[in-house]
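Numbers for residues simply follow the sequence, beginning at 1.
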Amino acid sequence: MIQNHLQVPKKEENDGYREIFNEMLDYLMLVDGATGEIIEINKIWESTTGFSRSEVVGHHFSTVFCDEQIQNAAELETIMTHDSVVSSRLLRRKSGAPIPVEMSLTMVSFKGKNAILTVLRGIKERLEAEEIIIEMNKRLGDLNSTKDKFFSIIAHDLKNQFNVLISFSELLLRDMNTLEEKQRFYFLSQIETVSRSTYGLLSNLLKWAQSQTGNLAVNKDILLLNDLVTSVTEELAGQIQGKNISVDLSGNNLSVVYSDEEMIKTVIRNLLSNAIKFSPSGGMISIEIVEDKDHAILEIRDQGIGMDAETQKELFKPGIRSKKGTANESGTGIGLTLCYEFITRLNGKIWCKSTPGKGTSMFFTVELPQ
């Protein structure tokens, strides 16, 4: 026989308990244990569901739910054989729209009869939070998978770079006295090229790691954008001369911007390195600066191999293996991802326009001083 855990108060106590009953923020409903008819509800029902007391009291409890299981009265059968039941259900508004609730059912004694005290607590916010957590976990899983792939590519590229360095170094050491000067120059030039590429890879990787962990501070200052372009162009003079490429800077040569010098130089360095890498020997790279309202736009345009639409969609994603250049140059595999990270942190935008066989234009924006 079921032991009742809750007794309805005596008549003289009813007024006080009714006031408490009505002011509760959870949905309260008292149901006849034999017929399933609703005996009483509290005030919150009318303001949130649209049902008045007269439209609910006296009706079967299933009418206020959307669930088919409730319609079949499965919960009522369960409560008659157990002390209490807790489950998630859908309460029905008068309009028919559902309200997700957690329902707790408890057997009580009401006027000498078995009754069911139903407490329904809205869980919309909790469900939304759970959906956000599920989505965040999915995104985190995707990011971790991408990072694993990303670092696998980086490790593979580093291994290849060092294998080249070791091989050329061994050849030089072993055959130093028998190699012709032209051969020695070739091996040394290859070692220099691979060393620069490896340094660029490690430098980008370090900066990207710092940006991911929040250890890379943004230090904005007033800068001349064309001075930064000139500085980076001079840094890459060896690569430019090695492929006999001409670089032309045009547009606003006095564009004053407000940004982080090292971040912007890193972006320019990566984009210009890519333009050199994918340009043919004897080609031309154009760099143009224009101003538009509150920002400057820098374009680096090459006449190289270009990209198809699919490649452009994946351009800034980590873990995308870099293609070989026109002189079989290796890429860092992380440069464009780093550019995207930096420009985003600096409140700018970065994008590209490209046509296979006709070259690529890379654009990014930099804030102007207020």
Side-chain angles (χ1 to χ4, degrees), residues 1-140:
M1 185 171 179
I2 298 172
Q3 297 295 319
N4 297 327
H5 297 288
L6 181 63
Q7 298 291 327
V8 172
K10 296 176 182 179
K11 184 176 181 180
E12 60 268 20
E13 299 172 331
N14 275 352
D15 290 342
Y17 277 96
R18 180 175 292 279
E19 184 177 351
I20 295 172
F21 182 87
N22 276 326
E23 295 304 321
M24 292 289 288
L25 296 179
D26 292 330
Y27 300 91
L28 301 184
M29 178 171 64
L30 195 62
V31 178
D32 189 305
T35 66
E37 289 184 358
I38 298 171
I39 301 170
E40 191 58 88
I41 60 172
N42 63 340
K43 286 197 309 185
I44 194 174
W45 285 76
E46 186 165 2
S47 61
T48 55
T49 68
F51 286 110
S52 66
R53 182 178 179 279
S54 60
E55 291 174 308
V56 174
V57 173
H59 294 270
H60 192 270
F61 75 94
S62 63
T63 60
V64 298
F65 290 96
C66 298
D67 309 67
E68 288 186 7
Q69 188 175 353
I70 291 289
Q71 299 294 328
N72 295 331
E75 298 290 354
L76 183 62
E77 295 174 7
T78 304
I79 195 60
M80 295 304 292
T81 55
H82 297 80
D83 287 340
S84 63
V85 172
V86 177
S87 60
S88 295
R89 289 289 175 259
L90 292 175
L91 199 60
R92 183 168 65 89
R93 289 186 175 90
K94 192 172 182 179
S95 64
I99 303 173
V101 294
E102 183 178 77
M103 180 174 69
S104 174
L105 305 177
T106 305
M107 290 293 295
V108 299
S109 176
F110 180 76
K111 296 182 179 181
K113 296 181 179 181
N114 283 336
I116 303 170
L117 178 63
T118 307
V119 180
L120 304 120
R121 175 164 295 175
I123 56 173
K124 180 182 177 183
E125 291 78 9
R126 190 185 80 188
L127 293 177
E128 289 175 347
E130 288 174 354
E131 288 179 4
I132 291 172
I133 291 171
I134 291 171
E135 179 61 26
M136 289 178 68
N137 285 336
K138 181 180 181 300
R139 289 178 60 190
L140 183 60

- request: For Lys113, check salt bridge (Lys or Arg N to Asp or Glu O under 4.0 Å) against everything at least two apart and list the hits.
  value: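 So Lys113 forms no salt bridge (Lys or Arg N to Asp or Glu O under 4.0 Å) with any residue.
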
- prompt: Under 3.5 Å, is there a donor-acceptor pair between the side chain of Asn42 and the main chain of Leu28?
  reply: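 Side chain of Asn42 to backbone of Leu28: a pair is present.
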
- prompt: Hey, does the side chain of Asn114 reach the backbone of Met107 with a donor-acceptor pair shorter than 3.5 angstrom?
  reply: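 Checked: no pair found.
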
Atom pair [atom1] ([X]) and [atom2] ([Y]), whose distance is rounded to the nearest 0.5 Å:
X      : Y      : atom1 : atom2 : value
Leu25  : Thr48  : CG    : OG1   : 10.5 Å
Arg93  : Cys66  : CZ    : SG    : 9.5 Å
Ile38  : Ser62  : CD1   : OG    : 8.5 Å
Glu135 : Ile132 : CD    : CD1   : 9.5 Å
His59  : Ile41  : NE2   : CD1   : 10.5 Å
Glu40  : Leu117 : CD    : CG    : 11.5 Å

Within a strict 4.5 Å, meaning less than it, do heavy atoms of the [X] and [Y] side chains meet?
X      : Y     : value
Pro100 : Leu90 : yes
Arg92  : Ile99 : no
Met103 : Phe65 : yes
Lys43  : Arg53 : no
Ile44  : Met24 : no
Leu120 : Trp45 : yes

Testing the basics here: between [X] and [Y], what is the closest heavy-atom pair and its distance to 0.1 Å?
X     : Y      : answer
Leu30 : Ala115 : CD1-CB, 4.2 Å
Met29 : Val64  : SD-CG2, 4.2 Å
Ala34 : Asp32  : N-OD1, 2.7 Å

task: May I have the step-by-step check of side-chain contact (heavy atoms from CB on, under 4.5 Å) for Phe110 and Ile39, ending in yes or no?
output: CA-CA 10 Å; Phe110 180 76; Ile39 301 170; 3.7 Å; yes

ring-ring contact (aromatic ring centres under 6.0 Å, His included) partners for Phe51, two or more places apart: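 For Phe51 there are no ring-ring contact (aromatic ring centres under 6.0 Å, His included) partners, ignoring immediate neighbours.
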
field: Atom CZ of Arg121: over 12 foreign heavy atoms under 6.0 Å
entry: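 At most 12 heavy atoms, drawn from other residues, nucleotides or ligands, come within 6.0 Å of this atom.
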
message: Testing the 3.5 Å rule here: is there a donor-acceptor pair between the side chains of Thr49 and Tyr27?
response: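 Not at all, the side chains of Thr49 and Tyr27 share no donor-acceptor pair under 3.5 Å.
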
